[in-house]
Amino acid sequence: MNVLEVILISTGLSLDLFGVMICKGAVLKRIDHIQLVQACSILGGWQLGALLLGNLISHMLLLGEQTKTVGSLLTGFIFFFLGFYMLYKGWRHQPIFEHCVDKISYKEIFWVSLVTSLDTFLAGVGMGFLETRLLIEGIVILIYTIITALVATYFGYRLGSERNHVAYIIGGCILLFSGVYTVVKF
């Protein structure tokens, strides 16, 4: 897996976080920049940890050449699953009750980190089966997570959360494309 493929998958995964953080930004009365940077650091750390854990698990399961073939098919399945799940979230388009809050709740950021890192964990397992370079994966996902959380919070703050479903649909399409590409490539 080359750097462009890692960037493509990271983009798809970060759009899940984008949709969630738009909703968080939409309810803020004002943005506290220090608190936002702290929240983005927490999100980035969780995503990086989930990616590393998923990658570690897949490396423990890789035993031989046959496992690599099975691993690439499993990776395609994982990306298909994540893509369909994000498309489902986008098409479901649940309305969000917006109410203003003074600051970002770290408890909510913890839960957002946990839920969105499950996708990254599964992607880490898939990327591990493809024997990608862990350093590049980690750097890309960390940078994407921080930038995505920052931009999405400002988007939500300025525009509201009416269009967050579009991010889910785009992310789902990217992950479906990655799944097809992974299966066809191997």
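Atom-to-atom distance recorded for Leu28:CG and Gln35:CD is 8.0 Å, nearest 0.5 angstrom. Distance CD1/Ile146 to CG/Leu17: 11.0 Å, rounded to 0.5 Å. Separating the NZ atom in Lys24 from the CD1 atom in Ile31 is a distance of 14.0 Å, to the nearest 0.5 Å. Here the CZ-CG distance, from Phe121 to Leu51, works out to 10.5 Å after rounding to the nearest 0.5 Å. Interatomic distance, CG of Leu122 versus OH of Tyr85, reported as 11.0 Å (0.5 Å rounding). Taken to the nearest 0.5 Å, the CD atom of Glu108 stands 11.5 Å off from the NZ atom of Lys103.
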Requested in this report: Could you walk me through whether Leu36 and Tyr154 pass the side-chain contact (heavy atoms from CB on, under 4.5 Å) test, one step at a time?
Outcome: CA-CA 10 Å; Leu36 181 59; Tyr154 280 105; 3.7 Å; yes
Requested in this report: Decide side-chain contact (heavy atoms from CB on, under 4.5 Å) for Ile42 and Phe110; before the verdict, give the C-alpha distance in whole Å, the side-chain angles of both, and the deciding distance to 0.1 Å.
Outcome: CA-CA 8 Å; Ile42 292 168; Phe110 170 77; 5.9 Å; no
**Report entry** Thr116 vs Thr120, side-chain contact (heavy atoms from CB on, under 4.5 Å): CA-CA, chis, key distance, verdict
**Finding:** CA-CA 7 Å; Thr116 58; Thr120 306; 6.0 Å; no
Query raised in the report: Do Phe80 and Val180 pass the side-chain contact (heavy atoms from CB on, under 4.5 Å) test, and can you show the C-alpha distance, the side-chain angles, and the key distance before you say yes or no?
Result: CA-CA 8 Å; Phe80 284 138; Val180 169; 3.5 Å; yes
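Looking at residues two or more places apart in sequence or on another chain, you find no salt bridge (Lys or Arg N to Asp or Glu O under 4.0 Å) involving Lys107. Taking Leu52 as the reference, Leu48, Leu134 meet the side chain to side chain contact (heavy atoms under 4.5 Å, CB included) condition, with sequence neighbours excluded.
There is a path of hydrophobic side-chain contacts, each under 4.5 Å, that joins Tyr157 to Ile147. With hydrophobic clusters built from ILVMFWY side chains whose heavy atoms lie under 4.5 angstrom apart, Val115 does not share a cluster with Tyr88. The hydrophobic cluster containing Val37 does not contain Ile22, counting ILVMFWY residues as joined when their side-chain heavy atoms lie under 4.5 angstrom apart, directly or transitively. A continuous path of Ile, Leu, Val, Met, Phe, Trp and Tyr side chains, each step under 4.5 Å between heavy atoms, connects Tyr106 with Met21, placing both in one hydrophobic cluster. There is no path of hydrophobic side-chain contacts, each under 4.5 Å, that joins Leu56 to Ile141.
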Which donor-acceptor pairs under 3.5 Å do the side chains of residues 6-13 make with protein atoms, sequence neighbours left out?
| from | atom 1 | to | atom 2 | distance (Å) |
| --- | --- | --- | --- | --- |
| Ser10 | OG | Val6 | O | 2.8 |
| Thr11 | OG1 | Ile7 | O | 2.8 |
| Thr11 | OG1 | Tyr144 | OH | 3.2 |

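Across every non-hydrogen atom of Gly45 and Leu142, the tightest pair is N-CD1, 4.3 Å. Across every non-hydrogen atom of Ser58 and Gly124, the tightest pair is OG-O, 4.0 Å. Taking each heavy atom of Leu43 and Ser113 in turn, the nearest pair found is CD2-OG, 3.1 Å.
With a 4.5 Å cut-off on side-chain heavy atoms, Leu87 and Cys173 count as touching.
Phe77 CZ: 12 or fewer foreign heavy atoms inside a 6.0 Å radius.
Counting only N and O atoms by type, the side chains of Ser117 and Gln47 include no donor and acceptor under 3.5 Å apart.
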